[in-house]
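Below is one structure, written out as structure tokens; the observations come after it.
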2 protein chains.
Amino acid sequence: MVDISQCSEIKCPIQFVVDLLDNKWSILVLRELFGGDRRTHQLLAALPGISTKTLTQRLRELEAQGIVDRQVYAEIPPRVEYSLTPKGRQIQPVMAALHQVGSQWLEQESCMCPLIRDY
Amino acid sequence: MVDISQCSEIKCPIQFVVDLLDNKWSILVLRELFGGDRRTHQLLAALPGISTKTLTQRLRELEAQGIVDRQVYAEIPPRVEYSLTPKGRQIQPVMAALHQVGSQWLEQESCMCPLIRDY
DNA sequence: CCGGATCCAAGAGGATACTG
DNA sequence: CAGTATCCTCTTGGATCCGG
């Protein structure tokens with residue numbers, strides 16, 4: 001239950017989502033996870049330029065928001081898999097809309113991002 | 001399985017849009033413009049915390065992308081109005097999706113943002 | 001009223017080395 | 001392999017002043 005009694009005004013839903021996701025990598029991390037469960041090194045490989053520190057930060061934030069799930073397997077060497085929670089999958093319409101608009105603006109049909117599976 | 005080995009030169013549409021809009025205010029500026037044409041001081045008032053410099057930067061970037069139109073009236077005092085171009089209006093599905101998901105996550109129906117007019 | 005120019009603080013995030 | 005800890009750079013963007 002959301003307690004908005006502390007708010008002097010009603011929150012804008014758009015701003016709410018933007019506040020959660022407006023940093024350099026969050027959307028792209030989620031895009032990868034729409035392609036299925038991913039291990040840490042897979043995400044690092046799929047997101048050229050991201051550092052381990054930043055990736056971990058983003059994943060922890062998304063986990064704290066209940067958007068991403070972190071599964072740790074007690075193995076040597078360690079194995080950690082990340083996946084979308086049901087809440088996380090709720091942003092699928094946003095990803096689809098971004099994909100559609102981006103395709104228009106690029107005037108390009110093909111796409112290498114994992115979300116293409118959903119089309 | 002998506003084969004990404006042969007299409008590294010193909011841009012991801014999602015990343016393309018994210019690259020255009022992932023800064024602190026762009027999405028919110030556009031949200032305001034979906035409510036209709038806006039003058040500078042209206043945008044400043046609608047976006048608490050934004051500075052004139054930052055607002056101008058965002059608007060110039062969006063203008064350069066062909067997303068926003070800037071109309072200057074030769075009056076004293078000056079009047080400048082910003083509006084969405086047809087290309088800019090193409091992101092309406094993104095805004096609608098953000099709004100829908102944000103409403104779910106907030107567990108809140110009402111909304112004070114201009115986009116509500118489109119529902 | 002609009003917005004350019006400057007200055008500056010804060011923080012995001014990359015590179016690297018290291019631990020379990 | 002996964003993640004942490006430093007260090008450090010660079011960008012973002014806020015505050016202010018000024019000019020058209």
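Side-chain atoms are counted along with the backbone in the values below, which use heavy atoms only and exclude waters and symmetry mates. Throughout, protein chains are lettered first and strands after them, A, B, ... in sequence-line order, and every chain is numbered starting at 1.
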Interatomic distance where OH belongs to A/Tyr73 and P belongs to D/dG3 [whole Å]: 13 Å
I need the CD-C1' distance between B/Gln71 and C/dC2, as an integer number of Å. 15 Å
Nearest heavy-atom pair of B/Val101 and A/Gln90: which atoms, and what distance? CG2-O, 3.3 Å
So, is B/Tyr82 close to the C/dC2 phosphate, meaning a side-chain N or O under 4.0 Å from OP1 or OP2? no
Under a 4.0 Å heavy-atom cutoff, the residues of residues 40-51 of chain A touching DNA chain C are A/Gly49, A/Ile50, A/Ser51
Rounding to 0.5 Å, atoms CZ (A/Arg38) and CG (A/Leu44) come to a distance of 13.0 Å
Any side-chain N or O of B/Arg60 less than 4.0 Å from the OP1 or OP2 oxygen of C/dG3? yes
Ignoring backbone atoms, test whether A/Lys24 places a side-chain nitrogen or oxygen under 4.0 Å from the OP1 or OP2 oxygen of C/dG14. yes
Over how many whole Å does the gap from B/Asn23 atom CG to C/dA10 atom C1' extend? 17 Å
Calculate the interatomic distance between A/Ile76 atom CD1 and D/dG3 atom P; express it in whole Å. 13 Å
Do B/Thr54 side-chain and D/dT12 base share a donor-acceptor contact under 3.5 Å? no
Is B/Thr85 reaching over with its side chain to a backbone N or O of B/Ile67, donor-acceptor style, under 3.5 angstrom? yes
Whole angstrom value for the distance that separates P of C/dG4 from CD of B/Gln57: 9 Å
Any pair counted as salt bridge (charged side-chain N to carboxylate O under 4.0 Å, His left out), so long as it reaches residues 70-79 of chain B, sequence neighbours left out: B/Glu75-B/Arg79, B/Arg79-B/Glu81
Is the phosphate of D/dG3, meaning OP1 or OP2, less than 4.0 Å from a side-chain N or O of A/Arg70? yes
Grab the CG-C1' distance between A/Leu59 and D/dA2 for me, whole Å please. 11 Å
Polar side-chain atom of A/Asn23 near backbone of A/Ser26 as donor-acceptor pair, under 3.5 Å: yes
When the distance from CD of A/Glu75 to P of C/dG20 is rounded to whole Å, what number comes out? 20 Å
Any B/Arg39 side-chain N or O less than 4.0 Å from OP1/OP2 of C/dC2: yes
Across the strands shown, which category fits B/Thr56 at heavy-atom distances under 4.0 angstrom: base, sugar-phosphate, nothing? sugar-phosphate
Candidates D/dA2, D/dG20, D/dA15 - which lies nearest the side chain of B/Lys53: D/dA15
Shortest non-hydrogen contact from B/Ala97 toward A/Ala97: CB-CB, 4.3 Å
Separation of C/dC1 P from B/Arg38 CZ (nearest whole Å): 17 Å
Within-4.5 Å side-chain heavy-atom neighbours: A/Asp19 and A/Phe16: no
